[in-house]
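Notes to accompany the following structure.
Numbers here are sequence positions counted from 1. Keep in mind the model is a prediction, meaning the values are calculated, not measured. Just so you know, ligand 1 is whichever comes first in the structure, and atom 1 is the first atom listed for that ligand.
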Amino acid sequence: MRTVRAVTVTPGVADSLELVEDQPEPAAEEGAILVEALAVGICGTDHEIIAGQYGEAPPGERRLVLGHESLGRVLEDPTGTLQPGDLVVGIVRHPDPVPCTNCAVDEWDMCRNGRYTEHGIKALPGFARERWRLQPRFAVPLDRSLGQVGMLLEPTSIVAKAWDHVERIGHRAEWQPRTVLVTGAGPIGLLAALLASQRGLVVHVLDLATTGPKPELVRALGATYHSTRVDDLDFDPDVVIECTGAPKVVLDVMCKAAPTGIVCLAGVSSGGRTIDFDAGALNRSLVLENNVVFGSVNANRRHWDLAAEALRRADPLWLASLISRRVPVSGYADAYVPGPNDIKVVLEFAV
Ligand code: BGC
């Protein structure tokens, strides 16, 4: 049997990260499309899984192959959906088997029973292996011009979903948003700001960093960078995309939104910390101003296609500058150690 190299962990066991040299080739049941891995992006969820705080191995297995931000090249597709040589990205989440009312109509990002599975995260092997397979419905073709940055499609799908839901909520009444606040200038925050700028909105990004690449990446979008507290901002945003998950920032942005404002919470907090807060005052302002606060996770096929289009329209140099480090798979351990100025670290399989 042919084997491949794969970056794996034992979920629940801290620091069990290991490059396995003899992972079996992906089984034919995983999908008709056979793909050669080019690269995977690394994100906070990978760090949580490595810390043993998140993640689940496939049924009957002890180890989980990591990697949910994929980029690969098609080797063979007997279904004819894609051609050998095409760039492709794999959709992370698969619908639950029941299925729930949302998964039944392919809105798996809104799964209601929690029995969905996710490549590299929950009960499905990830894309950090030399070859992987996809079913055509989970394969997103990518423009050839995105060969260097295609692994940004997954985080872009997350913000494409966030924006889709902001807009659906906005249209509950006459809606003409002007000002957007994005909190957190990591990959998700920067891509949320990119999609805001593509919508012609006035974009503000808030982050603690005063040095490093973040201020310039924000300015290059035509947006304004703030390293102040939310309370010190001299405007009230119509839309907030909260990407820090920091409890104080989360509460502050809820209070800061303009009347009829929409706050999308896209950052996952770790929990376990309490905060002294006037919940009554917050409720009063949310009610009297018709504000909406909602959470957003994952993305369905429609969002992945919207994200692919957003990346195709973006400045390729700006996208490339989100990638702080490209590490060959042989140096995998280094890739998973966060550096102080890292935006996105990418593990490369083949180039
Ligand atoms: C991924 C999502 C996933 C979420 C929860 C995020 O890092 O980007 O696709 O749904 O983690 O597992």
Taking the inter-plane angle between the rings of Phe235 and His226 on a 0 to 90° scale, is it parallel (under 30°), tilted (30 to 60°) or perpendicular (over 60°)?
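It falls in the tilted class, 30° to 60°.
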Please work out whether the ring planes of Phe138 and His94 are parallel, tilted or perpendicular, with thresholds of 30° and 60°.
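Ring orientation, 0 to 90° scale: parallel.
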His68 side chain reached by Glu118 side chain, heavy atoms, under 4.5 Å
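They are not in side-chain contact.
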Close side-chain approach of His303 to Asp164, heavy-atom, < 4.5 Å:
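Counting from C-beta outward, His303 and Asp164 do come under 4.5 Å.
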Can you tell whether the side chains of Glu25 and Arg133 come within less than 4.0 Å, N to carboxylate O?
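Between Arg133 and Glu25 there is no salt bridge, as every charged N stays at least 4.0 Å from the carboxylate O atoms.
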Less than 4.0 Å between a side-chain N and a carboxylate O, is that true for Lys248 and Asp252?
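A salt bridge links Asp252 with Lys248.
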So which protein heavy atom does [atom] come closest to, and at what separation?
atom: atom 5 (C) of ligand 1; answer: Tyr54 OH, 3.2 Å
atom: atom 6 (C) of ligand 1; answer: Thr45 OG1, 3.4 Å
atom: atom 4 (C) of ligand 1; answer: Val297 CG2, 3.9 Å

Search all heavy atoms of Trp108 against all heavy atoms of Asn298 and return the closest pair with its distance.
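Minimum heavy-atom contact is CD1-OD1, 3.8 Å.
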Check ligand 1 against [X] and write out every atom of the ligand that is under 4.0 Å from a heavy-atom position of the residue.
X: Arg93; answer: 10 (O)
X: His68; answer: 1 (C), 7 (O), 8 (O)
X: Cys43; answer: 7 (O)

Under-4.0 Å heavy-atom contact with ligand 1, by part of Asp109 that carries it
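Neither; no heavy atom under 4.0 Å.
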Just to be sure I read this right, does ligand 1 sit under 4.0 Å from the backbone of Ala299, its side chain, both, or neither, counting only heavy atoms?
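Within the 4.0 Å criterion, Ala299 makes no contact with ligand 1.
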Heavy-atom distance to atom 3 (C) of ligand 1: which of Lys161, Glu154, Glu118 wins?
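Of the listed residues, Glu118 has the closest heavy atom.
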